[in-house]
Amino acid sequence: MRDLHRIERETFLRRVEWHDEFDSTNSRAMALANEDGIKVPLLIGATRQTAGRGRGQNSWWSADGALTFSVLINPVEFNISPQHLPQVALITGLAIAETLEALLPMPVQLKWPNDVYVEGRKICGILTEAPAGRPNRLVVGIGLNVGNSMQEAPPDIRQSAISLVDVLGEAMPTRDDVLVSLLKHWEQWLRRLGCDDLDFPNVWQPRCYLHGERVSVTIGPEIHTGVCLGLDTDGVLLLHTETGVRRILAGTVRRL
Ligand code: BTN
């Protein structure tokens, strides 16, 4: 059982709701985003998700021991303007990287726009969703592999993902410790995003997993190939293609 009061006491959240089992915490947070009078920031967590969602049409696999939760925030409370909303995923990745780096002996890297990698394997995915017609609501969903060993995962995931327990073995922090630390780092980054124009080449790029690599970027029906040049000042991906440097606002990046 989680210590929900501790999480409320030690972090910037106003309310924490935890379920033993839920279909998708992002779906729950999106539904609540449309209700009036909900206290935010609100965290919705689940020990088990039966229909966890990833980006696009992907599903999100997790097993017992994973940390799966969504936070409903009001970006206006953090002074985050609508044009900065796409950057929330980027700073969330930074907060997760800092949290994990305090625990792990190796660097933590970021794959644009919102995956976190350790040793070439994905350890965490982030799914941000903005409910239509509600400019003062944003849902940020985080799936972090903590105590769910990849030995229990389906074969394709076992090859491409990693978990904290796979690296740390018995020397594991509790999920609550990881969650509290992550939320503290994240609050700082949200406040920084609200008051500065963050210089993404400076703050994000040193962690860029695919910098200098040949990649493909899928944007709907289009596929662009080129070399990943890292980020522009506003967090947009720069791709060096045969026809010049292209700014990529959204898309799925794969190493070639
Ligand atoms: C991705 O890498 O495609 C994003 C994965 C996001 C998964 C998390 S788990 C908690 C929250 N609830 C969901 O249904 N999805 C997000």
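As the structure lists them, so they are numbered: ligands from 1, and atoms in each ligand from 1. In what follows, every heavy atom counts, from backbone to side chain, and hydrogens, waters and symmetry copies are set aside.
- Classified by interplanar angle (parallel below 30°, tilted 30° to 60°, perpendicular above 60°), the ring pair Tyr209/Tyr117 is parallel.
- One finds a salt bridge joining Asp64 and Arg48 here, because a Lys/Arg side-chain nitrogen approaches an Asp/Glu carboxylate oxygen to under 4.0 Å.
- Residues with a heavy atom under 4.0 Å from ligand 1: Ser24, Thr25, Asn26, Gln49, Gly52, Arg53, Gly54, Arg55, Trp60, Thr68, Phe69, Ser70, Asp115, Lys122, Gly125, Ile126, Leu127, Gly141, Ile142, Gly143.
- Defined by atom type and a distance below 3.5 Å, a donor-acceptor pair is present between the side-chain atoms of Thr25 and Gln49.
- Annotation: side chain of Val88 is in contact with side chain of Thr92 (closest heavy-atom distance under 4.5 Å).
- Arg247 and Asp234 are joined by a salt bridge, as a carboxylate oxygen and a charged side-chain nitrogen come within less than 4.0 angstrom of each other.
- Looking at Arg53 and Ser27, their side chains do bring a donor and an acceptor atom within 3.5 Å of each other.
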